[in-house]
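This one's a predicted model, so the numbers in the text were calculated from it and none came from an experiment.
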Amino acid sequence: MKTTISVIKADVGSVAGHGLAHPALLAKCEEFLAKAKEEELLTDYYVTNCGDDTELIMTHKNGEESEEIHKLAWDAFSAATEVAKELKLYGAGQDLLSDTFSGNIKGMGPGVAEMEFKERPSDPVVIFCMDKTEPGAFNLPLFRMFADPFNTAGLVIDPSLHNGFEFEIFDVMEHKKVTMSCPDEMYDLLALLGTTNRYVIKRIRRRDDNEIAAAVSTERLNLMAGQYIGKDDPVAIVRSQSGFPAAGEVVEPFSFPHLVGGWMRGSHNGPLMPVGQKNAYPVRFDGPPRVMALGFQIAEGKLVGPADMFDDPAYDRSRNLASEIAEYMRRHGPFEPHRLPSDEMEYTSLPGVMEKLEGRFEDID
């Protein structure tokens with residue numbers, strides 16, 4: 001029997017502004033998941049939040065894209081939305097783009113990362129949750145985990161990693177996908193992954209046996225809604241050890257707070273700061289963007305943990321560097337490269353400004 005991990009997240013309300021998911025919302029979701037575990041729909045679960053996003057981490061035997069599991073998440077988020085409305089929380093239900101569930105939560109607003117696998121004798125898994133950024137924020141760290149020997153020593157000294165990994169890439173603009181192999185197609189892969197607002201990693205598999213290694217939520221809220229209603233705030237599942245990068249190699253890429261799109265109003269570039277759960281609360285200019293890492297052992301579908309992996313003083317320098325980068329970027333004010341380029345502002349509030357000025361533009365002689 002295989003185990004499935006489903007991580008489904010949504011922003012259904014926060015305090016204050018786009019800040020922190022209220023404990024009452026997490027408690028309401030907990031009610032739904034606890035009942036589902038009693039009824040044996042779920043094997044185990046863990047409810048948490050990263051900033052204003054509520055994350056449901058669930059294990060079960062139903063496989064990926066299970067209608068029952070997706071409806072469970074939808075019902076939990078819908079009930080939490082009602083609580084958010086009662087408390088007059090900001091953005092109550094903002095990630096729920098429909099009033100009714102249609103059989104699969106994908107394309108309805110919430111982000112989804114799932115994987116199904118046969119458990120190893122020991123199966124460590126890291127769940128990454130981000131706030132105030134987009135799915136492409138995972139491109140650089142995932143590439144470093146699974147293809148960069150300067151990050152992952154196992155690619156050099158562990159024979160079980162020598163055959164490399166396959167990257168499934170989504171073109172979120174054209175709704176197409178391509179699978180590319182590393183190390184063979186590394187340069188071609190990087191040509192795509194560098195365009196983080198369009199080409200995003202969806203899955204990574206081991207080439208030896210096609211075993212799943214990582215999965216990412218790639219939902220783009222602005223593309224689904226046709227306007228800016230909040231940033232995507234992606235999640236990812238990464239397996240580690242014994243034929244995969246070691247746990248320390250999985251978290252190592254985040255020691256560099258690379259620039260990602262998002263931050264205030266989803267319209268600015270800023271450093272991705274690795275934080276422990278208690279600091280997954282972006283405040284300065286609604287940021288800077290955050291990422292937290294929860295480590296679990298999977299034991300017969302049970303979630304053993306979590307270990308709060310970025311709650312480590314070794315990441316203090318990375319956090320300090322992120323703060324320095326944030327200060328530098330903020331000094332640009334409304335100018336690029338702090339503000340996103342115009343082609344990425346199409347689904348923000350900027351088009352409203354341009355529409356207001358449209359009649360005032362004149363031809364240049």
Side-chain angles (χ1 to χ4, degrees), residues 6-42 44-60 62 65-114 127 129-132 217 219-235 265-266 277 280-283 286 290 292 294 303:
S6 299
V7 182
I8 305 181
K9 52 74 56 179
D11 180 352
V12 292
S14 56
V15 57
H18 287 294
L20 194 64
H22 194 282
L25 306 186
L26 275 61
K28 179 56 68 174
C29 290
E30 181 103 15
E31 289 179 20
F32 277 75
L33 271 57
K35 183 179 178 182
K37 184 177 178 180
E38 288 178 7
E39 296 174 349
E40 299 185 349
L41 174 59
L42 296 182
D44 206 356
Y45 68 89
Y46 186 79
V47 179
T48 187
N49 75 287
C50 184
D52 56 4
D53 294 285
T54 298
E55 278 91 12
L56 311 180
I57 302 171
M58 301 172 286
T59 58
H60 54 93
N62 294 46
E65 300 189 17
S66 162
E67 180 174 347
E68 287 183 289
I69 299 300
H70 284 213
K71 187 176 189 303
L72 169 64
W74 181 264
D75 290 345
F77 288 140
S78 297
T81 293
E82 294 307 310
V83 175
K85 289 177 179 177
E86 292 172 8
L87 297 175
K88 295 189 176 181
L89 298 184
Y90 191 78
Q94 73 166 32
D95 282 7
L96 306 187
L97 303 182
S98 173
D99 295 328
T100 56
F101 180 72
S102 60
N104 190 306
I105 208 168
K106 294 198 304 182
M108 299 183 70
V112 183
E114 296 182 293
I127 308 294
C129 306
M130 292 186 180
D131 190 27
K132 301 299 183 287
S217 66
E219 288 74 17
R220 290 289 304 271
L221 272 172
N222 56 2
L223 298 180
M224 288 186 284
Q227 61 182 342
Y228 177 74
I229 59 172
K231 212 54 187 167
D232 314 301
D233 306 329
V235 292
R265 302 179 187 273
Q277 166 91 73
Y281 178 22
V283 176
D286 279 359
R290 306 293 162 98
M292 68 183 202
L294 300 179
L303 292 166

> Under 3.5 Å, side chain of Q277 to main-chain N/O of M292, donor-acceptor pair present?
Replying inline: no

> Is there a side-chain contact between T81 and Q94, using heavy atoms and a 4.5 Å cut-off?
Replying inline: no

> Looking at K28 and E31, does any basic side-chain N land under 4.0 Å from a carboxylate oxygen?
Replying inline: yes

>> Please find the pair of heavy atoms, one from G17 and one from S14, that lie closest to each other, and give the distance.
In response: O-OG, 2.5 Å

> Backbone N or O of M130 within a donor-acceptor pair of the K9 side chain at under 3.5 Å?
Replying inline: no

> Rounded to the nearest 0.5 Å, how far apart are CG of L20 and CG of D53?
Replying inline: 10.5 Å

> If you look at every heavy atom in I8 and M58, which pair is closest and at what distance?
Replying inline: CD1-CE, 3.8 Å

>> If I compare all heavy atoms of K37 with all of D44, which pair ends up nearest, and what's the gap?
In response: NZ-OD1, 3.3 Å

> What is the minimum heavy-atom distance between P234 and S217, and which atoms define it?
Replying inline: CA-OG, 3.3 Å

>> Evaluate E30 against Y45 for side-chain contact (heavy atoms from CB on, under 4.5 Å), listing each step before the verdict.
In response: CA-CA 9 Å; E30 181 103 15; Y45 68 89; 3.0 Å; yes

> So how far is it from C29 SG to L72 CG, rounded to the nearest 0.5 Å?
Replying inline: 9.0 Å

> Could you give the distance from OG (S102) to NE2 (H70), rounded to the nearest 0.5 Å?
Replying inline: 11.0 Å

> Under a 4.5 Å cut-off applied to non-hydrogen side-chain atoms, are E219 and V112 in contact?
Replying inline: yes

> L42 versus I69: any side-chain heavy-atom pair under 4.5 Å?
Replying inline: yes

> Has Y90 got more than 12 heavy atoms of other residues, nucleotides or ligands less than 6.0 Å from its OH?
Replying inline: no

> Please walk me through it: do H22 and V83 pass side-chain contact (heavy atoms from CB on, under 4.5 Å)?
Replying inline: CA-CA 10 Å; H22 194 282; V83 175; over 6 Å; no

>> Once rounded to the nearest 0.5 Å, what's the spacing between atom OG of S78 and atom CZ of F32?
In response: 8.0 Å

> So, for L25 and G13, which heavy atoms are closest and what is the spacing to 0.1 Å?
Replying inline: CD1-O, 3.2 Å

> Between the side chain of T54 and the main-chain N/O of L26, is any donor-acceptor distance below 3.5 Å?
Replying inline: no

> With a 4.5 Å heavy-atom cut-off, do L41 and N62 have their side chains touching?
Replying inline: yes

> Under the 3.5 angstrom rule, does the side chain of D52 hit a backbone N or O of D11 as a donor-acceptor pair?
Replying inline: no

>> Do M108 and L96 make a side-chain contact, defined as non-hydrogen atoms from C-beta onward lying under 4.5 Å apart?
In response: no

>> Between D95 and F77, is there a side-chain heavy-atom distance shorter than 4.5 Å?
In response: no

>> Using side-chain heavy atoms (C-beta onward) and a distance below 4.5 Å, is L56 in contact with V47?
In response: yes

>> Determine whether a donor-acceptor pair (N or O, by modelled atom type, separation under 3.5 Å) exists between the side chain of T48 and the backbone of E55.
In response: no

>> What's the separation between atom CD in E65 and atom CD1 in I105, rounded to the nearest 0.5 Å?
In response: 12.0 Å

>> Please determine whether a side-chain nitrogen of the Lys or Arg among E82 and K85 lies less than 4.0 Å from a carboxylate oxygen of the Asp or Glu.
In response: yes

>> I'd like to check D233 versus C50 (side-chain heavy atoms, cut-off strictly below 4.5 Å). Are they in contact?
In response: no

>> Show, in sequence, the C-alpha distance, side-chain angles and deciding distance for L294 and Y46, and conclude whether the side-chain contact (heavy atoms from CB on, under 4.5 Å) test is met.
In response: CA-CA 11 Å; L294 300 179; Y46 186 79; 4.0 Å; yes

>> Test side-chain contact (heavy atoms from CB on, under 4.5 Å) on V15 and L87; report intermediate values, then the result.
In response: CA-CA 10 Å; V15 57; L87 297 175; over 6 Å; no

> Taking N104 for the side chain and K106 for the main chain, is one N or O donor matched with an acceptor at less than 3.5 Å?
Replying inline: yes

>> I need the minimum non-hydrogen distance between P282 and G51, along with the two atoms involved.
In response: CD-CA, 3.9 Å

